[in-house]
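One structure below.
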Amino acid sequence: MSSPETTGTGLAQDASRILAEVERVLGEERIGEVPDEAVQQLLLAAVRLFSARRNAGERLEAFGADAVTATDVAVTCVAMTEAVNLELFELALWHGWSNI
């Protein structure tokens with residue numbers, strides 16, 4: 001039998017703990033203390049897991065409507081598209097094709 005550390009339950013507990021810690025860091029305006037690599041690893045892990053679930057046919061929502069601002073989403077999406085050299089026009093085309 002798997003231990004909680006190696007199952008989704010352990011990951012869910014870690015995610016809740018990390019989100020609480022991030023909220024604390026943001027609230028205390030101490031974002032400069034979080035290493036760039038840590039931010040990148042967290043985003044990478046979330047993107048890979050989210051994408052895998054959506055590609056498996058799940059209609060998982062990214063987050064609640066009031067969880068982030070439109071600016072948060074825009075800044076992050078632009079940085080992500082730049083990282084993979086994806087133009088917004090190409091993204092719009094892909095999205096349109098996926099709804100056919």
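Below, all heavy atoms of this structure are taken into account, side chains as well, without hydrogens, waters or symmetry copies.
The cluster map of Ile, Leu, Val, Met, Phe, Trp and Tyr, joined by side-chain heavy atoms under 4.5 Å apart, puts Leu19 and Ile31 in different clusters. Cluster membership for Val47 and Leu60, using ILVMFWY side-chain heavy atoms within less than 4.5 angstrom, is not shared. Both Leu91 and Val84 sit in one connected hydrophobic cluster of ILVMFWY residues. Membership requires side-chain heavy atoms under 4.5 Å apart, directly or through other members. The same ILVMFWY cluster, assembled from side-chain heavy atoms under 4.5 Å apart, contains both Val22 and Val25.
Applying the salt bridge (charged side-chain N to carboxylate O under 4.0 Å, His left out) rule to pairs touching residues 48-58 yields Arg53-Glu58, sequence neighbours excluded. A salt bridge (charged side-chain N to carboxylate O under 4.0 Å, His left out) check over residues 64-88, counting only residues at least two apart or in different chains, returns nothing. Counting only residues at least two apart or on different chains, the salt bridge (charged side-chain N to carboxylate O under 4.0 Å, His left out) pairs with a member in residues 22-31 are Glu21-Arg24, Arg24-Glu28, Glu28-Arg30, Arg30-Glu33.
Between Leu43 and Val39, the closest side-chain pair of non-hydrogen atoms is not below 4.5 Å.
Looking at residues two or more places apart in sequence or on another chain, you find a side chain to side chain donor-acceptor pair (under 3.5 Å) between Asn55 and Ser51. Remark: Leu93 engages Phe89, Trp97 in a side chain to side chain contact (heavy atoms under 4.5 Å, CB included) (not counting sequence neighbours). Under the side chain to side chain contact (heavy atoms under 4.5 Å, CB included) criterion, Ala38 pairs with Val34, Pro35, not counting sequence neighbours.
Rounding to the nearest 0.5 Å places CD of Glu37 at 10.5 Å from CG of Leu42. The distance from atom CG of Leu44 to atom CE of Met80, rounded to the nearest 0.5 Å, is 9.5 Å.
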